[in-house]
Amino acid sequence: MGKGGKPDGGDGFEEASRDGCERENMAAWLLGVNTLKIQPFKLPNLGPRDVLVRLKAVGICGSDVHHFKNMRCADFVVKEPMVIGHECAGFVEEVGSEVKHLVPGDRVALEPGINCKRCELCKQGRYNLCPKMKFFGSPPTHGCLANQVVHPGDLCFKLPNNVSLEEGAMCEPLSVGVHACRRANVGPETNVLVMGAGPIGLVTLLAARAFEAPRIVVADVNDHRLSVAKALGAHEIVKVSTNIEEIAEEVAKIKEAMGTRVDVSFDCAGFNKTMATALSATGSGGKVCLVGMGQRELTLPLTSAAAREVDVIGIFRYKNTWPLCLELLGSGKVDVKPLITHRFGFSQKEVEKAFETSAGGGNAIKVMFNL
């Protein structure tokens, strides 16, 4: 949880006293590699600017799976038991004395990162890069796969009446695609290549469509995910392999599928081959945006890309995206519902099965908990 917490060694529910009212709270704790356990989780006191949210929809992200399988994601290492999860939405149960925009009963989507608001990056508006960021489920900060969380009110966004709680939870992955499109300046004259048709590649496709990219090509190694990308609006799809020796041949296929120059490429996988393919396929003066983090370090053919003035940019999470995501969902410009392929309840058995399903790949795209 963004505000902290600790496990209770007993067998019963941990109870937190708030305004004389006893509350029970349970959460899914990551205890070790492939080891999750639902156990009590003590909430912090409700501050004047905080809200208490009863969570109803929580999604599993690729970073959650990395933590589950390896106890780390990139440079974020799990060193002690941690509540997992960061894609969430639910009902407001209680508000702090200074929270005026929300009332109990409101349905909200939660932005999972709490920035310091005081460092230079925060003051510049680039709060996603805050070195003191406390982000749900990113060690050492506890996550949101729990019955309840306490979170700053200004990071809780009221859902439009026609947006479901599951769609609200999907604002988090959709925000990655929106932020990537903003960073790359995608617009009506920008032809887009998306490398990777996993969950993040698919939300980047949806965001690029919403930003009115005239032509979008998606490349992946998996036929099923390519078919999903096509159904979601990709103009063309290209089957590629993991063989790095086939880059030249596959770049030719991508260019043929695009039918015009590639202005912006998004690498939503983050491997040597996918990034090298994106760099080679992108036209002179274009941009390549690294979104995925499949490898901690990449070895890339930058010389030829530099000679063509191809800009390489990165993204880290997102900033100021929830209002736009909710507008896109509420207006129907973006439909994330087809991405939710599996649903589970909040029991020990189902939590284990949900993470096995998400980690196993296959036809699973977005695995969602209904609490």
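Residues take their numbers from the sequence shown, with the count starting at 1.
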Hey, are the side chains of [X] and [Y] touching, using non-hydrogen atoms and a 4.5 Å cut-off?
X      : Y      : value
His86  : Cys61  : yes
Pro214 : Asn191 : yes
Glu250 : Val238 : no
Val240 : Thr277 : no
Glu87  : Pro173 : yes
Val228 : Pro338 : no
Ser241 : Lys273 : yes

Between Met71, Arg72, Glu80, His67, which is the residue that forms a side-chain contact (heavy atoms from CB on, under 4.5 Å) with Pro139? His67
Please identify which of these residues, Leu165, Val108, Asp106, meets the side-chain contact (heavy atoms from CB on, under 4.5 Å) condition with Leu159. Leu165
Transitively linked via ILVMFWY side-chain contacts under 4.5 Å: Val194 with Ile247? no
Within one Ile-Leu-Val-Met-Phe-Trp-Tyr cluster: Ile200 and Phe211, side-chain cutoff 4.5 Å: yes
Plane angle bin for Phe355 and Phe369 - parallel if under 30°, tilted between 30 and 60°, otherwise perpendicular: tilted
More than 12 foreign heavy atoms under 6.0 Å from [atom1] of [X]: is that the case here?
X      : atom1 : result
Glu189 : CD    : no
Gln348 : CD    : yes
Arg126 : CZ    : no
Glu98  : CD    : yes

Distance alone, cut at 3.5 Å: any donor-acceptor contact between the side chains of Glu166 and Asn370? yes
[X] side, atom [atom1]; [Y] side, atom [atom2] - distance, nearest 0.5 Å:
X      : Y      : atom1 : atom2 : value
Leu121 : Asn115 : CG    : CG    : 10.0 Å
Leu329 : Lys337 : CG    : NZ    : 8.5 Å
Lys158 : Arg107 : NZ    : CZ    : 9.5 Å

